[in-house]
S.K.: 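To start, I am sharing the structure in question, which I have written as structure tokens.
Just so it is clear, the model here is predicted, and its values are computed rather than measured.
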Amino acid sequence: MTDPASRTGFIMRLAGPFQSWGGRATFTDRTTRPHPSRSALIGLFAAAAGRPHETALDPFTTPPLTGLSYHQLRLTIRVDNPGCYYTDFHTTGAARPRPQQLRTAAGEHRSEGRSTHVSRRTYLTDAAFTVAVTGPPPLITHLTHTLEHPHWAPYLGRRNCVPDEPLLLTGPLTNPEHHLLHHAPLTWPQPPPPGTATLPVIFWWDTPPPTRPAEAHQEPHDHPIDFTPHQRTWSVRPQWRTTEPLPTTLYAGPDPLPALHTYLHQDTSCPTNSP
């Protein structure tokens, strides 16, 4: 295991008109978690690197990544804007050829007029999350390169959820969690009230939070074990929540692009890169 002292990281921003983060998918109802799942983010990294489903989670075998894997990454999620839930109503199947139409309990094909398949898919709309990704330096360097030059296009949980730009906000940093707390622009859904010095922002931590006692602890079933189609498996893992008082000076304004552009092009080798 890599010495924690040698870990580095980067900051990425997940925002767009629609997001959906692997909630319950029972029969025709597909829900979303309220914030990005570990499985979806690791899947995004693997897709950017062009790794097929069957080997996406295997340790790397070529230098300088030999022996490293995505399981060594630590993710800290800042909820800039939780967004709103939106349910999309789908009907499919009515126009399919007879052999592809739905079957009855007896195994016969339904008639064309009764072969409609109804499903509901829930999304987050206008949500924004800023994520600190920490891990072994060679793996972080590899991730930043593949996110800037992805093999397969990244998406926010589902292929129809296209991310806003910029996706990657910084290159390697010695303390990305510090940037989440003190430097990364905040896409707050409305201007801070006059005279307000801080804003309460929810954080989700992969490890016990270093800032304050956790307000909540959960064990989401989103640690990926296998991405192979028809063999996908996950396990539970711990996650902690805090509410951090962030300075209102981080507010990026109603149009966050100028603030994000300035942050994106800053010199991350300056002392603010340290705790």
S.K.: Does a side-chain N-to-carboxylate-O contact under 4.0 Å join E177 and R74?
M.R.: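 The answer is yes: the pair qualifies as a salt bridge.
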
S.K.: Taking atom types as modelled, find out whether T130 and D80 have a side-chain donor-acceptor pair closer than 3.5 angstrom.
M.R.: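 Side-chain D/A pair, T130 to D80: present.
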
S.K.: Within the distance-only criterion (no hydrogens, no angle test), does the side chain of H35 pair as donor or acceptor with the backbone N or O of W204 below 3.5 angstrom?
M.R.: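 Not at all, since once roles are kept as given, no pair shorter than 3.5 Å links the two residues.
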
S.K.: CD/E215 to CZ/R241 distance, rounded to the nearest 0.5 angstrom?
M.R.: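 The CZ atom of R241 is 5.0 Å from CD of E215, to the nearest 0.5 Å.
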
S.K.: For a quick test of reading the model, state the closest non-hydrogen atom pair linking H142 to A49 and the distance between them.
M.R.: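 Residues H142 and A49, closest heavy atoms: NE2-CB, 3.8 Å.
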
S.K.: The criterion is side chain to side chain contact (heavy atoms under 4.5 Å, CB included); which residues satisfy it with S235, sequence neighbours excluded?
M.R.: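 Checked S235 against side chain to side chain contact (heavy atoms under 4.5 Å, CB included); matches are H223, I225.
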
S.K.: Checking T242 against W205 for the side chain to side chain donor-acceptor pair (under 3.5 Å) test, could you report, in this order, the C-alpha distance in whole Å, the side-chain angles of both residues, the deciding distance, and whether it holds?
M.R.: CA-CA 8 Å; T242 64; W205 308 81; 2.9 Å; yes

S.K.: How are the rings of Y70 and F45 set relative to one another: parallel (under 30°), tilted (30 to 60°) or perpendicular (over 60°)?
M.R.: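 Aromatic pair Y70/F45 classed tilted.
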
S.K.: State, to 0.1 Å, how close D58 and R51 come at their nearest heavy-atom pair, and which atoms those are.
M.R.: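 Minimum heavy-atom contact is O-NH1, 3.0 Å.
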
S.K.: Counting only heavy atoms not in H151, do more than 12 sit closer than 6.0 Å to its NE2 atom?
M.R.: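 Buried by this count: over 12 neighbours within 6.0 Å.
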
S.K.: Validate the cation-pi geometry between R158 and Y123: distance from NZ or CZ to the six-membered ring centre under 6.0 Å, angle to the ring axis within 45°.
M.R.: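 The answer is yes; both the distance and angle limits are met.
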
S.K.: R232 and S39: side-chain donor and acceptor closer than 3.5 Å?
M.R.: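 No - no donor-acceptor pair under 3.5 Å links their side chains.
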
S.K.: Between F18 and Y155, is the gap from one ring center to the other below 6.0 Å?
M.R.: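 No, too far apart.
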
S.K.: Can you tell whether the side chains of E244 and R78 come within less than 4.0 Å, N to carboxylate O?
M.R.: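 No, E244 and R78 are not salt-bridged.
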
S.K.: Within this structure, what is the CG-OG1 distance for the pair L186 and T248, rounded to the nearest 0.5 Å?
M.R.: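 Reported value, rounded in 0.5 Å steps: 10.0 Å.
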
S.K.: Charged N to carboxylate O below 4.0 Å: is that the case for D206 and R38?
M.R.: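 Here D206 pairs with R38 in a salt bridge, since their nearest N and O are under 4.0 Å apart.
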
S.K.: Please name the pair of heavy atoms, one in T170 and one in L173, separated by the smallest distance, quoted to 0.1 Å.
M.R.: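 Distance-wise, the nearest heavy atoms are OG1-CD1, 3.2 Å.
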
S.K.: Heavy atoms, side chains only, cut-off 4.5 Å: are P220 and R237 in contact?
M.R.: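 Side-chain contact under 4.5 Å: yes.
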
S.K.: Roughly how far apart are T76 OG1 and Q239 CD, rounded to 0.5 Å?
M.R.: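 Spacing of OG1 (T76) from CD (Q239) equals 9.5 Å.
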
S.K.: Are side-chain heavy atoms of P36 and I77 found at a separation under 4.5 Å?
M.R.: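 Yes - at least one pair of side-chain heavy atoms lies under 4.5 Å apart.
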
S.K.: P64 and P138: which non-hydrogen atoms are nearest, and at how many Å?
M.R.: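 Smallest heavy-atom distance, with atoms named: O-CB, 3.7 Å.
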
S.K.: H178 vs H183 aromatic rings, parallel, tilted or perpendicular, using cut-offs 30° and 60°?
M.R.: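 The arrangement is tilted - the two ring planes meet at 30° to 60°.
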
S.K.: Between Y85 and T32, is any pair of side-chain heavy atoms under 4.5 Å apart?
M.R.: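 The answer is yes, as the side chains (C-beta and beyond) meet within the 4.5 Å cut-off.
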
S.K.: Would you please name every residue forming a side chain to side chain contact (heavy atoms under 4.5 Å, CB included) with P200, sequence neighbours left out?
M.R.: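 Counting only residues at least two positions away or on another chain, P200 forms a side chain to side chain contact (heavy atoms under 4.5 Å, CB included) with W188, T243.
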
S.K.: Could you give me the CA-CA distance, side-chain angles and deciding distance for R33 and S20, then say whether side chain to side chain donor-acceptor pair (under 3.5 Å) is met?
M.R.: CA-CA 7 Å; R33 300 175 188 269; S20 188; over 6 Å; no

S.K.: Of all heavy-atom pairs between T31 and T122, which one has the smallest distance, and what is that distance?
M.R.: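 Minimum heavy-atom contact is CA-CB, 4.0 Å.
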
S.K.: Specify the closest pair of heavy atoms between P192 and Y251, including all atoms of both residues, with the distance to one decimal.
M.R.: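 Where P192 meets Y251 most closely, the heavy atoms are CD-CD2, 3.5 Å.
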
